[in-house]
There are 2 protein chains.
Amino acid sequence: MRPLLHPAAEDITVEALLHALADPVRVAICTGLSGPGCSLNCSSFRDIRNEPIPKSTLSQHFRILREAGLIRSERRGVEILNSSRFAEVEARFPGLLAAIVNAHRIQLAEKEASSKKRKRAD
Amino acid sequence: MRPLLHPAAEDITVEALLHALADPVRVAICTGLSGPGCSLNCSSFRDIRNEPIPKSTLSQHFRILREAGLIRSERRGVEILNSSRFAEVEARFPGLLAAIVNAHRIQLAEKEASSKKRKRAD
DNA sequence: TCAATAGTTCACAAGTGCGGAACAATTGAA
DNA sequence: TTCAATTGTTCCGCACTTGTGAACTATTGA
């Protein structure tokens with residue numbers, strides 16, 4: 001089993017960040033890790049969607065976030081604790097994460113509003 | 001030949017935007033179209049990289065930008081004029097485009113600075 | 001009608017992503 | 001020590017995407 005790879009802060013690229021954050025599951029993981037000092041294991045996010053996410057898929061999502069430089073993953077006994085590297089990313093690319101997370105938040109709010117409206121119409 | 005598809009402003013998704021902007025060529029196209037009232041045909045961007053981009057590839061890039069809602073493409077005689085829809089995107093997702101374009105700008109500046117440093121070392 | 005020009009579409013090879021099955025690492029209990 | 005339980009990773013097959021040359025379409029002007 002190869003060791004967990006983390007890019008240095010200066011090797012983080014915009015392409016990798018955007019690719020990582022173009023997926024709603026991964027954005028949800030990031031917002032879940034955005035609390036101060038927040039550290040969660042992978043399987044905490046198994047039910048972040050309506051359907052449970054297979055653990056191999058979840059593992060890939062975490063790898064992509066990790067190698068993009070968005071999270072740091074450390075073994076703690078039998079599990080792996082994940083924490084955000086948002087401060088480092090913010091230092092390099094100011095405003096980027098906030099804008100993306102905010103955009104996803106807006107989209108989610110609109111989706112919920114429209115589904116509520118649909119319900120009223122029924 | 002199917003007509004050029006443009007999503008309505010309210011159907012623009014963050015996923016499609018980030019996916020579109022995760023590619024350096026497409027970001028370069030967007031910055032090239034960012035001038036006020038700017039309207040350019042596709043082949044203007046053939047040499048935006050060091051190597052010329054094949055026109056079929058360029059066509060795909062424009063399709064992805066178009067269907068993400070980032071640009072509007074209209075036939076004008078034999079060519080297709082592309083203009084930005086940044087204002088619409090900005091209205092829906094404030095600060096998103098600016099942050100992304102700015103991040104790419106920062107990364108480019110760093111890359112140029114480090115190549116200059118490498119040159120000095122030779 | 002024909003040639004020139006600008007893009008699109010098609011087809012194929014190479015790459016990427018999802019998800020089930022098997023594997024690996026760690027812990028705690030017998 | 002050994003074994004089972006738990007947590008993730010890796011492997012692999014399949015579907016989907018991407019880049020590119022070749023063929024095609026649309027438009028204009030001669």
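Both backbone and side-chain heavy atoms feed into the values below; hydrogens, waters and symmetry mates do not. This one's a predicted model, so the numbers in the text were calculated from it and none came from an experiment. A, B, ... follow the sequence lines: proteins, then strands. Residue 1 opens every chain.
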Using a 4.5 Å cut-off on heavy atoms from C-beta on, say whether the side chain of A:H104 contacts that of B:L18.
yes
Rounding to an integer number of Å, can you tell me how far A:L81 CG sits from D:dG8 C1'?
12 Å
Please check the phosphate of D:dG8 (OP1 and OP2 only) for any side-chain N or O of A:S59 closer than 4.0 Å.
no
Find the distance A:F62:CZ to D:dT10:C1' and express it as a whole number of Å.
17 Å
Hydrophobic cluster partners of A:L4 (side-chain heavy atoms under 4.5 Å)
A:I80
Interatomic distance, A:L96 atom CG to B:L96 atom CG [nearest 0.5 angstrom]:
8.0 Å
If I take atom OG from residue A:S44 and atom CG from residue A:L81, how far apart are they, to the nearest 0.5 angstrom?
8.5 Å
Protein and nucleotides 16-23 of chain D: nitrogen or oxygen contacts under 3.5 angstrom:
from   : atom 1 : to    : atom 2 : distance (Å)
D:dT18 : OP1    : B:H19 : NE2    : 2.8
D:dT20 : OP2    : B:T57 : OG1    : 3.0
D:dG21 : N7     : B:S56 : OG     : 3.1
D:dG21 : O6     : B:S56 : OG     : 3.3

Find the distance A:L5:CG to D:dT9:P and express it as a whole number of Å.
12 Å
Results of salt bridge (charged side-chain N to carboxylate O under 4.0 Å, His left out) for B:E88 - residues two or more places apart only
B:R72, B:R85
For DNA chain D, find the residues of residues 66-80 of chain A with a heavy-atom distance under 4.0 Å and give them by number; none if there aren't any.
A:R66, A:V78, A:E79, A:I80
Quick check for you: to the nearest 0.5 Å, what is the distance between A:Q60 atom CD and A:D23 atom CG?
12.0 Å
So, using salt bridge (charged side-chain N to carboxylate O under 4.0 Å, His left out) as the criterion, who are the partners of A:R63 when residues are at least two apart?
A:E67
What I'd like to find out is whether the side chain of B:K55 reaches to under 4.5 Å of the side chain of B:C42, using heavy atoms alone.
no
Distance check, rounded to the nearest 0.5 Å: B:I71 atom CD1 versus B:R26 atom CZ?
11.0 Å
First and last nucleotide of DNA chain C, 5' to 3', lying under 4.0 Å from heavy atoms of chain A
C:dG17 to C:dT27
Is A:E15 close to B:Q107 at the side-chain level, that is, under 4.5 Å between some pair of heavy atoms?
yes
